[in-house]
**Q** 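Got a structure for you, written out below as structure tokens; questions coming shortly.
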Amino acid sequence: MKYTPKFLRGMLLSMIREMGEHPEQYVRQPGRDFTRPRTLTFETVISLLLTMSENSIGKILIGRFQNSEKTPSASAFVQQRQKLLPAALETLFHRFTALLRPEKTFCGCRLLAVDGSSLKSAAYPEDPASYRPGTPRQHGWNLWHMNALFDLENGIYTDLIVQKEHEKNECRALCQMADRSRVSGKVILLADRNYESCNNLAHLEKRNWNYLIRIRDK
């Protein structure tokens, strides 16, 4: 099946609406958060998080609400955003990708690749596991490590794990993604250095996945 942008967008928005009907599963205070009528509903906050650009929150809200009298403030958005659990976006990601039906293969195999990348965010010293103090001439920042599993032939992310900088472990992330993967059939996994370990090979072989992993010369 060929997925058009319009179809995918409609499917995504439909999932967000379904989750918004039962927000208690994805908020910090079930039965209280996102229960009162507000301009920034559960669905609106999620959709804003998915579509935000590099502009300030205030400018994004003005554009979204077309500078109307009901345009919420940036602080109001931050307060609503803090009510969400990470599980909200994680659940949306897994539900969305689970509905896709990839058809392309490489020699009859799903061709998956795993790699990691660092994500930088504004300074938040209260989280020492991700905080970096910087230098006397440079402000501090928080750093996160994203491990992604990607279907090369179909252009689909099948899984993703974000770790705090000082707690990152790419081998552990690959084991977790392999163990919980819903990908069936024959698989060839491609991985770069930092993912080579006997434990990783054991997890991949338990799933009957073939693999090609680059290792250090030593």
Side-chain angles (χ1 to χ4, degrees), residues 1-103 110 112 119 121-122 124 127 130 142 144 146-151 154-164 173 176-184:
M1 177 179 180
K2 186 176 180 180
Y3 297 106
T4 64
K6 183 178 180 180
F7 175 82
L8 291 174
R9 183 176 183 274
M11 187 168 66
L12 181 62
L13 294 177
S14 176
M15 290 182 184
I16 295 174
R17 285 193 297 270
E18 290 177 4
M19 292 173 62
E21 293 175 358
H22 303 282
E24 64 276 2
Q25 303 177 44
Y26 316 107
V27 297
R28 300 188 184 279
Q29 300 183 70
R32 180 177 177 181
D33 293 339
F34 292 105
T35 56
R36 294 191 300 171
R38 291 180 180 272
T39 303
L40 289 171
T41 63
F42 178 92
E43 297 94 319
T44 303
V45 173
I46 292 291
S47 63
L48 280 169
L49 289 174
L50 295 178
T51 58
M52 276 186 161
S53 63
E54 61 184 6
N55 288 329
S56 66
I57 295 176
K59 290 183 178 179
I60 292 171
L61 292 172
I62 289 174
R64 174 62 180 267
F65 293 92
Q66 299 181 351
N67 201 24
S68 69
E69 295 181 356
K70 295 184 179 180
T71 301
S73 64
S75 61
F77 173 80
V78 172
Q79 290 175 14
Q80 291 295 88
R81 182 183 62 189
Q82 289 176 340
K83 296 177 181 178
L84 293 173
L85 292 172
L89 292 175
E90 291 175 2
T91 300
L92 180 61
F93 170 80
H94 287 293
R95 285 187 180 180
F96 182 75
T97 55
L99 287 180
L100 301 177
R101 295 291 181 265
E103 300 176 350
R110 291 283 297 276
L112 304 180
L119 303 172
S121 68
Y124 184 65
D127 186 7
S130 63
N142 287 63
W144 311 81
M146 179 182 69
N147 301 272
L149 195 62
F150 187 70
D151 186 324
N154 295 282
I156 300 171
Y157 284 98
T158 64
D159 205 351
L160 185 144
I161 290 178
V162 178
Q163 301 168 320
K164 296 181 179 182
Q176 292 174 348
M177 291 189 289
D179 290 345
R180 70 189 190 186
S181 175
R182 297 180 180 178
V183 176
S184 59

**Q** Taking side chain as C-beta onward, heavy atoms only, is Leu89 less than 4.5 Å from Leu84?
**A** no
**Q** Which value, rounded to the nearest 0.5 Å, describes the distance between Leu13 atom CG and Leu8 atom CG?
**A** 11.0 Å
**Q** Side-chain contact test, heavy atoms from C-beta onward, threshold under 4.5 Å: evaluate it for Ser130 versus Trp144 and give yes or no.
**A** yes
**Q** Please report the shortest heavy-atom distance between Ala74 and Gly58, naming the atom on each side.
**A** CB-N, 4.3 Å
**Q** Specify the closest pair of heavy atoms between Leu61 and Ser73, including all atoms of both residues, with the distance to one decimal.
**A** CD1-O, 3.5 Å
**Q** Identify the two heavy atoms, one from Arg28 and one from Pro86, that lie closest to each other, and give their separation to 0.1 Å.
**A** NH2-CD, 4.4 Å
**Q** If we only count heavy atoms from C-beta on, is the Leu48 to Ile57 side-chain gap below 4.5 Å?
**A** no
**Q** Quick check: do Leu99 and Met15 have side-chain heavy atoms less than 4.5 Å from each other?
**A** yes
**Q** Evaluate the side-chain proximity of Arg182 to Thr97: yes if any heavy-atom separation is below 4.5 Å, no if none is.
**A** no
**Q** How long is the gap from CG on Leu149 to CG on Leu112, to the nearest 0.5 Å?
**A** 5.0 Å
**Q** Show the numbers, then the answer: is there a side-chain contact (heavy atoms from CB on, under 4.5 Å) between Arg110 and Thr158?
**A** CA-CA 11 Å; Arg110 291 283 297 276; Thr158 64; 4.0 Å; yes
**Q** According to side chain to side chain contact (heavy atoms under 4.5 Å, CB included), who are the partners of Gln29, at least two apart in sequence or on a separate chain?
**A** Arg32, Asp33
**Q** With the side chain counted from C-beta on, respond yes when Val183 and Asp151 share a heavy-atom pair under 4.5 Å apart, and no when they do not.
**A** no
**Q** Are any non-hydrogen side-chain atoms of Leu92 and Leu12 less than 4.5 angstrom apart?
**A** yes
**Q** How many angstroms lie between atom CE of Met19 and atom OG of Ser14, to the nearest 0.5 angstrom?
**A** 12.0 Å
**Q** May I ask you to test the Glu90-Val162 pair for a side-chain heavy-atom distance under 4.5 Å?
**A** no
**Q** How close do Arg180 and Leu160 get, counting heavy atoms only, and between which atoms?
**A** NH2-O, 3.5 Å
**Q** About how many Å separate OG1 of Thr51 and CD1 of Ile60, when rounded to the nearest 0.5 Å?
**A** 7.5 Å
**Q** Which atom names give the shortest non-hydrogen contact between Ala173 and Ile161, and what distance separates them?
**A** O-CD1, 3.7 Å
**Q** List the atom of Gln80, the atom of Leu40, and the distance in Å for their closest heavy-atom pair.
**A** NE2-O, 2.9 Å
**Q** Roughly how far, to the nearest 0.5 Å, is CZ of Arg38 from OG1 of Thr44?
**A** 12.5 Å
**Q** Within the side chain of Glu43, is there an N or O that forms a donor-acceptor pair under 3.5 Å with the backbone of Gly20?
**A** no
**Q** Checking the side chain of Thr91 only, and the main-chain atoms of Ala88 only, is there a donor and an acceptor separated by less than 3.5 Å?
**A** no
**Q** Any ring-ring contact (aromatic ring centres under 6.0 Å, His included) pairs touching residues 21-67, not counting sequence neighbours?
**A** Phe34-Phe42
**Q** Quickly, which of Phe93, Phe150, Phe96 forms a ring pair (Phe, Tyr, Trp, His ring centres under 6.0 Å) with Tyr157? Name it, please.
**A** Phe150
**Q** Taking atom OG1 of Thr39 and atom CZ of Arg64, what is their separation to the nearest 0.5 Å?
**A** 11.5 Å
